[in-house]
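Below is one structure, written out as structure tokens, with a few remarks after it.
Values in this document were obtained by computation on a predicted structure and should not be read as measured data.
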Amino acid sequence: MDKRVLKTKKSLYDSLLHLMGEHSFEEIRVSEICDKAMTNRSTFYAHFEDKYALLSSLLLDLKEMLKQELEKNDRIMNSKDFYMECIRLLLLHIETNKGIYLPLLLNNKNSIAMDMIYSTLIEDVTKRMKEEQKPQNVIIPVDFVSHFYVGAIFQVGMKWIQSKDYYSKEEIIEFLDQLIPETLF
């Protein structure tokens, strides 16, 4: 992609996130995004149909970043090791991108960002568990196990990003390591 296009997208993303840190998404106008980004409205509309398309593009880029992080998980010695590494990678991703997640989650009560994180985790965990599943040991369906464990870590992760006084990333990983059994399925 052209560097000028990337620079424009980044500027618009940053402006949107800054404004979302102060106001709900619904209150923000395209003109405010353009003013903050020092970009003409015609430039904005050359790249995005409206502010919803801008937000969607931002979330797609964020989802791709999360997927790339989760693909680094090659610790599949057993299901617990895989899951613990998945948790570590997720928390690291959120911590690294806190400037993006905070405005998306704090002032904006819509669930778009949360849905993106949850669906990305479910896709990765379910795919990996199906690859590692031993048919003769199947007691509980993989999709059920995936939703159960991803739901737990998802809620802990959301609490962690939304609260300054919550436990540290290291403490969360330690607690989850004690809670998660050696064999998940």
Side-chain angles (χ1 to χ4, degrees), residues 1 6 9-10 13-14 17 20-21 55-185:
M1 190 178 280
L6 290 174
K9 272 180 71 172
K10 181 174 178 357
Y13 286 173
D14 291 346
L17 290 168
M20 287 177 74
L55 179 60
S56 178
S57 177
L58 171 65
L59 289 171
L60 285 173
D61 287 354
L62 195 58
K63 180 176 184 167
E64 189 56 39
M65 289 169 39
L66 177 55
K67 284 174 82 170
Q68 288 174 4
E69 287 300 314
L70 293 174
E71 286 173 4
K72 294 177 183 176
N73 189 356
D74 57 3
R75 298 182 69 189
I76 308 181
M77 297 176 72
N78 62 47
S79 53
K80 180 178 181 174
D81 287 346
F82 160 74
Y83 194 70
M84 289 306 301
E85 184 65 7
C86 182
I87 292 164
R88 191 188 69 71
L89 290 169
L90 171 65
L91 294 178
L92 182 62
H93 170 79
I94 291 172
E95 182 178 60
T96 302
N97 297 288
K98 210 168 194 167
I100 297 172
Y101 283 108
L102 280 175
L104 288 172
L105 298 173
L106 293 183
N107 287 334
N108 298 279
K109 303 301 180 204
N110 62 42
S111 64
I112 293 173
M114 294 187 296
D115 291 348
M116 181 278 297
I117 296 167
Y118 190 83
S119 68
T120 304
L121 287 171
I122 285 294
E123 289 169 18
D124 185 69
V125 170
T126 301
K127 180 183 90 174
R128 300 282 184 105
M129 286 186 151
K130 283 183 178 177
E131 289 171 1
E132 293 301 310
Q133 185 180 38
K134 311 283 187 279
Q136 67 274 16
N137 297 341
V138 175
I139 299 170
I140 304 170
V142 169
D143 67 321
F144 187 89
V145 175
S146 297
H147 281 279
F148 180 80
Y149 283 103
V150 168
I153 188 55
F154 178 78
Q155 291 302 319
V156 169
M158 290 303 104
K159 176 73 174 167
W160 177 64
I161 196 171
Q162 294 173 344
S163 174
K164 293 177 186 170
D165 301 325
Y166 204 57
Y167 301 100
S168 71
K169 177 178 67 173
E170 292 76 19
E171 289 173 315
I172 290 171
I173 291 171
E174 180 183 326
F175 296 155
L176 291 170
D177 188 43
Q178 293 177 34
L179 288 170
I180 297 170
E182 288 300 319
T183 304
L184 299 180
F185 56 91

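- Within a 6.0 Å sphere centred on CZ of F175, heavy atoms belonging to other residues, nucleotides or ligands number more than 12.
- Counting heavy atoms from C-beta outward, L58 and L17 have side chains that approach closer than 4.5 Å.
- When all heavy atoms of G21 and P103 are compared, the pair lying nearest together is N-CB, 3.8 Å.
- To the nearest 0.5 Å, atom CE of residue M20 and atom CG of residue L102 are 11.5 Å apart.
- The line from CD1 of I180 to CD1 of I173 is 10.5 Å long, rounded to the nearest 0.5 Å.
- Every residue was checked against the salt bridge (charged side-chain N to carboxylate O under 4.0 Å, His left out) condition with E174, not counting sequence neighbours, and none meets it.
- Note that the OG atom of S57 and the CG atom of L62 stand 11.0 Å from one another [nearest 0.5 Å].
- Remark: D115 CG to K63 NZ distance equals 10.0 Å, nearest 0.5 Å.
- Here the options are F148, Y118, W160, the test is ring-ring contact (aromatic ring centres under 6.0 Å, His included), and the partner is F154; only Y118 passes.
- Within the 4.5 Å cutoff, no side-chain heavy atoms of I94 are placed close to those of L66.
- With rounding to the nearest 0.5 Å, the separation of CD in E85 from CG in L70 is 10.0 Å.
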Check against side-chain contact (heavy atoms from CB on, under 4.5 Å), V156 and L91: CA-CA 10 Å; V156 169; L91 294 178; 6.0 Å; no
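- Residues C86 and D124 come closest through the heavy atom pair SG-OD2, 4.4 Å.
- More than 12 heavy atoms of other residues, nucleotides or ligands shown are found within 6.0 angstrom of OH on Y166.
- Listed by first and then second residue, the side-chain hydrogen bond (donor to acceptor under 3.5 Å, both in side chains) pairs that reach into residues 91-100 are H93-N97, H93-Y101, E95-K169, sequence neighbours excluded.
- Between D177 and I87 the shortest side-chain heavy-atom distance does not fall below 4.5 Å.
- Counting only heavy atoms from C-beta outward, the side chains of T126 and V145 never approach each other to under 4.5 Å.
- How far CZ of R88 is from NZ of K72: 9.0 Å, rounded to the nearest 0.5 Å.
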